[in-house]
Amino acid sequence: MNIFDKPYSPKEVEEKIYKKWEDSRYFNPDSASRRITGKDKKKSFSIIMPPPNANGSLHLGHALMIALEDIMIRYKRMRGFKTLWLPGADHAGFETQIVYEKKLEKEGRNRFQIPREQLWREIWDFTQANKKNMESQIRRLGASCDWSRKKFTLDEDIISKTQDAFVEFYEKGLIYRGKRLVHWCAKHQTGFSDLEIVHEEKLDPLYYIKYGPLTIATVRPETIFGDTAVAVNPKDSRYKEFIGKEIEVDVVIAKLKLKVIADKFVDSDFGTGAVKITPAHDLNDFEIWQRHKNEIKGPVEVINKYAKMDLVKHFPQSEEAKKYEGLKVLEARKLIVEDLEKRGLIEKIDAAYKHNIALCYKCKTIIEPRLMEQWFVKMEPLAKPAIEAVKKGKIKFIPDRFKKVYFHWMKNIRDWNISRQIVWGIQIPAWQCQDCDEWMIFKNKPQKCRKCGSINLEQDTDVFDTWFSSGQWPFLALGFEKTKKLKNLNTKSDYKTFYPTSVMETGWDILFFWVARMIMFGLYRTKKIPFENVYLHGLVRDEFKQKMSKSKGNVIDPLGVVNEYGADALRMSLIIGNTPGNDLAFSEDKIRGYRNFANKIWQASRFVLMNLESFNANKKPEFSAIDKKYLKEFEELKKKIAKQMESFKFYLAAEEIYHYFWHTFCDKIIEEMKARLNGENDNPPASGRQAAQFLLFEILKESLKLLHPFMPFITEEIWQNLPGNKNKMLIIEKW
RNA sequence: GCGCGAUUAGCUCAGUGGUAGAGCGUUUCAUUGACAUUGAAAAGGUCGCAGGUUCAAUCCCUGCAUCGCGCACCA
């Protein structure tokens, strides 16, 4: 029975072929490289798959990532490299926790009422189920990754080594605990790093408030209770006489004695040129306080973690204070403005002052800066070598322009708050004495407090920012051991063979979150770059360039597409027309086009095979001039495509082979050969037919190889049905 | 505010210092002989605007405009 008697059915073929690949174990470099010969056999090529978040299903962005990486991997494997693509899944700390919290909400439950261990277990089960589902989805997309090496970011060894890193950083002085203003989301009840907040332009009233003898302008009058000073620019002649003096300010619930200080930060042209200083609730004011620690009073916290007023403790004797207690920030703002107005203390109000406010990136709740003790990583010493490595070209960015964005961020980097007040993550190995508050950093619980000797020690309940562990993913996933000397490592160690990895392929949107941190951590811990190339893909958008989102209803499910049109068609439609760093407009029309192309490959193969009667592959026929021209052309095409593959121009390579196969091989060569295959216009008939057969068969075979990285399933299926290819597999053929 | 992109055919995008390219779409024609998931052909572009460099600019430089994005502690 000839497989070409039926139309090509991706659904049947793809699952069958994937199973064959897995059974062959050729995804594993140890098996595959034994079968491939070539001068590059000893060289390795490795990609660590960015582990998808184990909190949902794969979306088109994942499909794009899989397609790109599989193309590189298959190409290099066929080129004879020892090729490893290591798959994994990410526990995705905060992200997963909020996905799970939404689920809890639907069930009428609340995370704050669930004991820590139980919540952890529940989320664990949740991620395990997602993980399994995602792995099968990755298979459907044709990923030739080595499943025997798959890793999860909460595997025991990963947790352990992440904690080691924290201890090591601490010992080297790169970690400190500090009471700082932290970006706090009152809804999620956790602090964030600078990257997890977004800024949004907003119009708010700007209040001019009589402030003792001065007038100040503010958008947050409710923080007035926490004011500890007034600042002016040292050069501002209007306020010269006040500098260094104390003024008395009526803040409704009390009279505050505040010192006037001079600081260059203050812009004389803004507002009145005098600024109220609230170190507990404003990042700038906090910094001003730090510069004037000896002159003025420190932070007075008047807003609590629920973003509600909390001031009676500071003003116990004030009756008025009780009125404000427990009010939400915005309610308190309204009330204080009313009260100030009653006292004639509001000078004027600019109704629509345009400014930027900080929001939680996830729920868009207004960030309430809050004074908290957290663990911070000193970034500057880590950033320096990471900037150098890119500057010197040890790590290349594709596209190159992202270097600039990277440098800009790295040069202005600030210390990184890695404490998160959630349960889903790797718990920080820090222990606090309950008697004297001393902190100790050890992998395991110390016997007793080093300061007071108490045995009453508790572990920090906070967990790491998930990027603290993902930042170390490339070397941790490859089994890096800090404790052993490198030369003592088993020679078969994956770390030794595959690190530094060849390419990190991921979305540009996580350049700072992830890529930059991997470079910093990699250089610091392993003394090597974690990868040689960074390939950054863009966002997959809908056909109108709109972001896909559930609420817009324009989400395309990659698995739905695979079921209807096949993974090969999906992959082509994600690759062609998609340049690195740019977003992609995606539509079903496009997929249909490549489904048609798959059919074209099928039909062309069918035609060539149908006409192979009495063909002797071992006997090289006499080629005509035009035959030679075609063969030469094809050789040139191969070289061109190889060059494009090496320079990461997959969109060009794919288009090139697509165009050649359809419009040169099918439309021209096959059409021309038809007459010769039928023995027409041929003298003597046999040789012309032989040459035509040879030519068609040769170009078909070689085209399948060129197409394989892009469309692995259909090419493999056809390959195995070519005469003489029984039990042979295209996946390990020499390119 | 600082920075980064983009601007080329109806749409989505490539591209190059020397008569403009692809895919999709459109129009016309063809066709039971691998394939209608097809073939042949056609229409369609002052390559955002203004200067400059050059023998020659869509490409290099400068400025401007429009759109998009990133970063950012001016109350």
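Here is how names work: the chains are called A, B, and so on, in the same order as the sequence lines, proteins then strands, and each is numbered from 1.
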When the [atom1] atoms of [M] and [N] are compared, how many Å lie between them, rounded to an integer?
{"N": "B:G21", "M": "B:A42", "atom1": "P", "answer": "13 Å"}
{"N": "B:C74", "M": "B:U66", "atom1": "P", "answer": "24 Å"}
{"N": "B:U27", "M": "B:A65", "atom1": "C1'", "answer": "36 Å"}
{"N": "B:A14", "M": "B:C47", "atom1": "C1'", "answer": "13 Å"}
{"N": "B:G63", "M": "B:C73", "atom1": "C1'", "answer": "33 Å"}
{"N": "B:C55", "M": "B:U12", "atom1": "C1'", "answer": "37 Å"}
{"N": "B:A72", "M": "B:C2", "atom1": "P", "answer": "16 Å"}
{"N": "B:G23", "M": "B:C35", "atom1": "P", "answer": "23 Å"}

Is the shortest side-chain N to carboxylate O distance from [X] to [Y] below 4.0 Å?
{"X": "A:K668", "Y": "A:E671", "answer": "no"}
{"X": "A:R571", "Y": "A:D568", "answer": "no"}
{"X": "A:R220", "Y": "A:E368", "answer": "yes"}
{"X": "A:E613", "Y": "A:R689", "answer": "no"}
{"X": "A:K545", "Y": "A:D583", "answer": "no"}

Atom-pair distance ([atom1] on [X]; [atom2] on [N]), nearest Å:
{"X": "A:I670", "N": "B:G39", "atom1": "CD1", "atom2": "P", "answer": "11 Å"}
{"X": "A:F402", "N": "B:G70", "atom1": "CZ", "atom2": "C1'", "answer": "9 Å"}
{"X": "A:R595", "N": "B:C35", "atom1": "CZ", "atom2": "C1'", "answer": "13 Å"}
{"X": "A:Y361", "N": "B:A72", "atom1": "OH", "atom2": "C1'", "answer": "20 Å"}
{"X": "A:L195", "N": "B:G70", "atom1": "CG", "atom2": "C1'", "answer": "11 Å"}
{"X": "A:K411", "N": "B:A72", "atom1": "NZ", "atom2": "C1'", "answer": "17 Å"}
{"X": "A:R220", "N": "B:C73", "atom1": "CZ", "atom2": "P", "answer": "16 Å"}
{"X": "A:I357", "N": "B:A72", "atom1": "CD1", "atom2": "C1'", "answer": "15 Å"}

Between [X] and [Y] (judged by ring centroids, cut-off 6.0 Å), do the two rings come close enough to count as a pair?
{"X": "A:Y406", "Y": "A:F402", "result": "no"}
{"X": "A:W416", "Y": "A:F376", "result": "no"}
{"X": "A:Y658", "Y": "A:Y594", "result": "yes"}
{"X": "A:F713", "Y": "A:Y8", "result": "no"}

Which of the following nucleotides, [options], is nearest to the side chain of [X]?
{"X": "A:D194", "options": "B:A72, B:C24, B:G70", "result": "B:A72"}
{"X": "A:Q603", "options": "B:G70, B:A34, B:A75", "result": "B:A34"}
{"X": "A:W409", "options": "B:C71, B:A75, B:A34", "result": "B:C71"}

Phosphate contact ([N] OP1 or OP2) by [X] side-chain N/O below 4.0 Å:
{"X": "A:K674", "N": "B:A34", "value": "yes"}
{"X": "A:H663", "N": "B:G23", "value": "yes"}
{"X": "A:K404", "N": "B:G5", "value": "yes"}

Partner of A:Y565 by side chain to side chain donor-acceptor pair (under 3.5 Å), out of A:K11, A:R595, A:E588: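 Only one of A:K11, A:R595, A:E588 forms a side chain to side chain donor-acceptor pair (under 3.5 Å) with A:Y565, namely A:E588.
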Just to verify, which of A:K276, A:R333, A:H281 counts as forming a side chain to side chain donor-acceptor pair (under 3.5 Å) with A:T223? A:K276
Is there, by distance only and without an angle test, a donor paired with an acceptor across the side chain of A:N611 and the base of B:A34 below 3.5 Å? no
Under 3.5 Å donor-acceptor pair, A:E671 side-chain atoms to B:A34 base atoms: yes
Which part of the nucleic acid, if any, lies within reach of [X] when heavy atoms closer than 4.0 Å are counted: base, sugar-phosphate only, or nothing?
{"X": "A:R606", "value": "sugar-phosphate"}
{"X": "A:H199", "value": "base"}
{"X": "A:Y353", "value": "sugar-phosphate"}
{"X": "A:F512", "value": "sugar-phosphate"}
{"X": "A:V608", "value": "nothing"}
{"X": "A:K600", "value": "base"}

Using the rule given for side-chain contact (heavy atoms from CB on, under 4.5 Å), can you reason through A:I601 versus A:L704, listing the C-alpha separation, both sets of side-chain angles and the distance that settles it, and then say yes or no? CA-CA 9 Å; A:I601 299 172; A:L704 289 174; 4.2 Å; yes
Please compare A:N596 and A:D589 by the position of their nearest nucleotide in RNA chain B and report the one closer to 5'.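 Its nearest nucleotide being more 5', the pick is A:D589.
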Where each residue is assigned the nucleotide of RNA chain B containing its nearest heavy atom, which of A:Y594 and A:F607 is assigned the position nearer the 5′ end? A:Y594
Going 5' to 3' along nucleotides 7-14 of chain B, which nucleotides have protein heavy atoms under 4.0 Å from the base (write B), which only from the sugar-phosphate (write S), and which from neither (write -)? -----SSS
Base-paired stems that RNA chain B participates in, counting runs of 3 or more Watson-Crick or G-U pairs under 3.5 Å: B:1-7 with B:65-71, B:10-13 with B:21-24, B:26-30 with B:38-42, B:48-52 with B:60-64
